[in-house]
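I have placed the structure first, in the form of structure tokens, so that the comments after it can refer back to it.
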Amino acid sequence: MHELSIALSLLDLAEEEAERRGGVQVAAIHVKLGPLSGVVAEALLSAYDLARENTRFERCDLVIEQVPIVAYCPNCRGERAVISVQEICCAECGTPTPDIRTGRELELSALEIIDGPADATCGSPAESA
């Protein structure tokens, strides 16, 4: 389950940034995740819950933003949604296209920082999207 190593890496990055900012508390870790990333959102959430136990991030949420697959359609000459993960074709005209613009993301996009002392409560129990 590579989602556990990803969750641990996210917590490491959050720890580094929190320390760089003087030991601030992190309320939530925001991640952009595309269907072509090879990561299952539900598995990542479950792994994150396990990885954060008994750490300073025990009450920090993991918020996942699902990024759609968008490709450049040479026929329409624009960025368009695709029909499906299995059929990378323009949803408007059906033209196959290998030029994928979004949908591969696995990116830590933001950290929600709590102003205040380092011992302040960090977020609420996990209620992630």
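Starting from 1, each residue takes its place in the sequence as its number.
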* To do: Taking all heavy atoms of V67 and all of P35, pick out the closest pair and write down the distance.
  => O-CD, 3.0 Å

* Nearest-0.5 Å distance, CG of residue L10 to CG of residue L111 -> 9.5 Å

* Determine yes or no for a side-chain-to-main-chain donor-acceptor pair under 3.5 angstrom, with E3 supplying the side chain and V40 the backbone. => yes

* Structure fact -> Separation between CG (L45) and CD1 (I64), nearest 0.5 Å, reads 4.0 Å

* Going from OG1 on T55 to CG on L11, what distance comes out if it is rounded to the nearest 0.5 angstrom? -> 6.0 Å

* Backbone N/O of S5 and side chain of S9: donor-acceptor pair under 3.5 Å -> yes

For residues 77-84, please give each side-chain donor-acceptor pair under 3.5 Å, one per line with the distance, not counting sequence neighbours.
| from | atom 1 | to | atom 2 | distance (Å) |
| --- | --- | --- | --- | --- |
| E79 | OE2 | R101 | NH1 | 3.0 |
| S84 | OG | Q86 | N | 3.3 |
| S84 | OG | E87 | N | 3.0 |

* Compare every heavy atom of L8 with every heavy atom of A51, then report the nearest pair and how far apart it is. => CB-CD2, 3.7 Å

* Taking the side chain as every heavy atom from C-beta outward, state whether I113 and V26 have any pair of such atoms under 4.5 Å apart. => yes

* At their closest point, which heavy atom of T102 faces which heavy atom of P68, and how far apart are they? -> OG1-O, 2.8 Å

* Given side chain to side chain contact (heavy atoms under 4.5 Å, CB included), test E15 with D12 step by step and report yes or no. => CA-CA 5 Å; E15 177 73 32; D12 287 344; 5.5 Å; no

* To do: Mind running side chain to side chain contact (heavy atoms under 4.5 Å, CB included) on D49 and L62 for me, showing each step along the way?
  => CA-CA 9 Å; D49 285 342; L62 177 62; over 6 Å; no

* Measuring from L36:CG to I88:CD1, what's the distance to the nearest 0.5 Å? -> 5.5 Å

* I114 versus V24, closest heavy-atom pair with distance -> O-CB, 4.4 Å

* E58 side-chain N/O to N54 backbone N/O, donor-acceptor pair under 3.5 Å -> yes

Review item, side-chain donor-acceptor pairs of residues 69-76, under 3.5 Å, at least two apart:
none

* Structure fact -> CD of Q25 to CZ of R59, rounded to nearest 0.5 Å, is 11.0 Å

* R20/E16 under side chain to side chain contact (heavy atoms under 4.5 Å, CB included): CA gap, chis, key distance, verdict -> CA-CA 6 Å; R20 191 178 75 74; E16 289 173 18; over 6 Å; no

* Applying salt bridge (charged side-chain N to carboxylate O under 4.0 Å, His left out), which residue pairs with at least one partner in residues 102-114 are found, sequence neighbours left out? -> none

* Interatomic spacing from OH in Y48 to CD1 in I29 - rounded to 0.5 Å -> 4.0 Å

